**Q** 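This is the structure I want to talk about, given as structure tokens.
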Amino acid sequence: MKLHMLVLEGDRSAEKKQREAHPPVYTKSGCLRRKWVENRPPLHSRSFYLCRMITEELKGIDIDGSGKITVCAHQIRLVSGEEKYICDHRFHISMYYLEPEEIDAIDGADEDTEPMVMWGILKNTMLDIARRNHCSKDVAEKIEQAFEHIINSNFVREERIDKLTKRAKGTGFTAHVFRTLSAETGEGWHLNITDQKGDVRCQETIDGGIRYVDRLGSRLYAKAEWRGNTFVILERFGKEVFSITVPF
């Protein structure tokens with residue numbers, strides 16, 4: 001099976017204890033560090049954008065027969081035993097446990113250095129999984145190239161979401177919906193609406209601010225349609241979550 005999901009999962013209970021701890025702070029850098037720890041989302045959410053970028057870069061590659069690989073930054077392993085890497089061929093899922101020093105590196109990173117720390121750890125993880133499964137040299141090279149492309153793009157990926165990009169029959173307007181994955185915004189969304197000549201009539205941010213929700217995977221943005229000259233995005237149960245009206 002080809003890889004379609006990569007997850008970096010933290011230890012929720014350990015993260016909660018770390019947020020609730022209040023050691024004495026005597027310096028400006030220490031104060032900023034404590035504020036970052038107290039306010040940062042769980043590792044699963046913070047790493048979503050990067051895991052999604054890696055998955056897109058490795059689309060179509062079979063690494064270990066698993067569709068989902070979960071990289072676990074857990075101090076205590078969820079599965080008994082000393083196995084670092086577990087691959088379930090029946091359910092096509094894998095678990096890979098990080099070493100304590102890798103977990104400490106993530107915990108010790110600040111907002112600026114965390115993307116690079118996670119990038120390095122996930123790169124080593126994917127290459128190790130490929131090695132353990134005796135993958136071809138071609139697969140290893142594709143993994144190397146994927147991670148190089150991510151760092152060369154400064155951890156930013158913009159992609160047009162075809163299933164949400166719609167053309168209105170009556171007006172000739174076309175709504176082009178884009179998702180941006182980045183360290184700065186997590187997951188950001190915007191759209192451009194063009195007329196029949198291709199001229200941009202409207203540009204709009206769909207959901208501003210920093211976001212860590214997989215809107216496609218959770219089907220929060222499930223489908224889109226035109227209602228006259230109003231463009232609407234719907235969630236999986238048909239409830240409207242965004243709309244914009246374009247003047248004729």
Side-chain angles (χ1 to χ4, degrees), residues 1-8 41-42 44-62 67-69 92 115 119 142 145-248:
M1 179 177 287
K2 296 175 181 178
L3 177 68
H4 63 79
M5 182 180 294
L6 175 66
V7 175
L8 176 56
H44 177 278
S45 299
R46 302 197 313 272
S47 63
F48 160 71
Y49 76 92
L50 181 55
C51 289
R52 181 60 188 174
M53 291 172 71
I54 295 168
T55 305
E56 287 296 320
E57 292 288 341
L58 297 178
K59 184 179 291 184
I61 296 179
D62 186 345
K68 178 181 179 181
I69 297 176
H92 304 290
W119 177 89
K142 287 181 179 178
Q145 291 169 2
F147 279 86
E148 285 304 309
H149 186 259
I150 289 171
I151 200 169
N152 290 336
S153 68
N154 294 317
F155 296 95
V156 177
R157 178 187 179 91
E158 182 178 272
E159 54 187 334
R160 192 181 77 169
I161 308 302
D162 291 336
K163 76 171 187 176
L164 299 178
T165 295
K166 301 291 182 180
R167 179 180 175 85
K169 294 181 179 179
T171 62
F173 292 146
T174 301
H176 305 271
V177 179
F178 299 88
R179 178 173 70 171
T180 301
L181 300 169
S182 71
E184 183 178 357
T185 62
E187 182 186 69
W189 289 79
H190 70 276
L191 64 83
N192 295 337
I193 296 179
T194 59
D195 57 22
Q196 291 177 320
K197 296 180 180 179
D199 296 330
V200 177
R201 294 287 300 273
C202 180
Q203 293 179 308
E204 186 75 16
T205 298
I206 296 177
D207 198 351
I210 299 176
R211 297 290 182 269
Y212 298 102
V213 178
D214 182 358
R215 284 161 170 73
L216 285 180
S218 64
R219 299 190 65 193
L220 179 61
Y221 294 167
K223 59 182 180 179
E225 61 186 32
W226 281 95
R227 298 172 182 172
N229 62 324
T230 298
F231 177 69
V232 181
I233 296 179
L234 309 169
E235 48 101 80
R236 59 178 171 173
F237 297 113
K239 181 181 177 180
E240 181 181 312
V241 293
F242 174 83
S243 68
I244 183 171
T245 298
V246 186
F248 287 109

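These numbers were taken from a predicted model, which means no experiment stands behind them.
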**Q** Rounded to the nearest 0.5 Å, how far does OG1 of Thr174 lie from CG of Leu191?
**A** 12.0 Å
**Q** For Trp189 and Phe242, run ring-ring contact (aromatic ring centres under 6.0 Å, His included): C-alpha distance rounded to whole Å, both residues' side-chain angles, the deciding distance at 0.1 Å, then the answer.
**A** CA-CA 11 Å; Trp189 289 79; Phe242 174 83; over 10 Å; no
**Q** Please give me the minimum heavy-atom distance between Gly67 and Leu3, naming the atom from each residue.
**A** O-CD1, 3.6 Å
**Q** Can a salt bridge be assigned to the pair Arg52 and Glu187 using a cut-off of 4.0 Å between side-chain N and carboxylate O?
**A** no
**Q** Lys163 and Lys166: which non-hydrogen atoms are nearest, and at how many Å?
**A** O-CE, 3.2 Å
**Q** Please check: side-chain N/O of Asp199 versus main-chain N/O of Asp195, any donor-acceptor pairing under 3.5 Å?
**A** no
**Q** Tell me if a side-chain donor or acceptor on Arg201 pairs with a main-chain N or O of Pro247 at a distance below 3.5 Å.
**A** yes
**Q** Is the closest basic N to carboxylate O distance between Arg160 and Asp162 below 4.0 Å?
**A** yes
**Q** State, yes or no, whether a side-chain contact exists between Tyr212 and Pro42 at a heavy-atom distance under 4.5 Å.
**A** no
**Q** About how many Å separate CD of Glu57 and CD of Glu148, when rounded to the nearest 0.5 Å?
**A** 11.0 Å
**Q** Atom CG in Leu164, atom NZ in Lys223: separation rounded to 0.5 Å?
**A** 11.5 Å
**Q** Could you state the interatomic distance from CG (Leu181) to CE (Met53), rounded to the nearest 0.5 Å?
**A** 6.5 Å
**Q** Minimum heavy-atom separation for Pro115 to Ala183, with atom names?
**A** CG-CB, 3.8 Å
**Q** Check the pair Val177 / Tyr221 against side-chain contact (heavy atoms from CB on, under 4.5 Å), numbers first and verdict last.
**A** CA-CA 11 Å; Val177 179; Tyr221 294 167; over 6 Å; no
**Q** The criterion is side chain to side chain contact (heavy atoms under 4.5 Å, CB included); which residues satisfy it with His190, sequence neighbours excluded?
**A** Glu158, Phe178, Thr180, Asn192
**Q** Count the heavy atoms belonging to other residues, nucleotides or ligands that lie under 6.0 Å from NZ of Lys2, then report whether that count exceeds 12.
**A** no
**Q** Side-chain contact, heavy-atom cut-off 4.5 Å: Ile244 with Ile193?
**A** yes
**Q** Between Arg179 and Asp214, does any side-chain N to carboxylate O distance fall below 4.0 Å?
**A** yes
**Q** Distance check, rounded to the nearest 0.5 Å: Thr194 atom OG1 versus Gln203 atom CD?
**A** 11.0 Å
**Q** With a 3.5 Å distance limit and no angle check, can you tell me whether Asn154 reaches the backbone of Val156 through a side-chain donor-acceptor pair?
**A** no
**Q** Should the pair Phe231 and Trp226 be assigned to parallel (<30°), tilted (30 to 60°) or perpendicular (>60°) ring geometry?
**A** tilted
**Q** Quick one, Arg215 and Val241 - any side-chain contact, counting heavy atoms below 4.5 Å?
**A** no
**Q** Kindly indicate whether the side chain of Gln196, heavy atoms from C-beta on, has any atom under 4.5 Å from the side chain of Arg167.
**A** yes
**Q** Taking Arg46 for the side chain and Pro41 for the main chain, is one N or O donor matched with an acceptor at less than 3.5 Å?
**A** yes
**Q** I need the full list of salt bridge (Lys or Arg N to Asp or Glu O under 4.0 Å) pairs touching residues 225-238, with sequence neighbours left out, sorted by first then second residue.
**A** Glu225-Arg227, Arg227-Glu240
**Q** Can you tell me how far apart CG (Leu50) and CG (Leu8) are? Round to the nearest 0.5 Å.
**A** 8.0 Å
**Q** Kindly say whether Met1 contributes a backbone atom to a donor-acceptor pair with the side chain of Asp62 at under 3.5 angstrom?
**A** yes
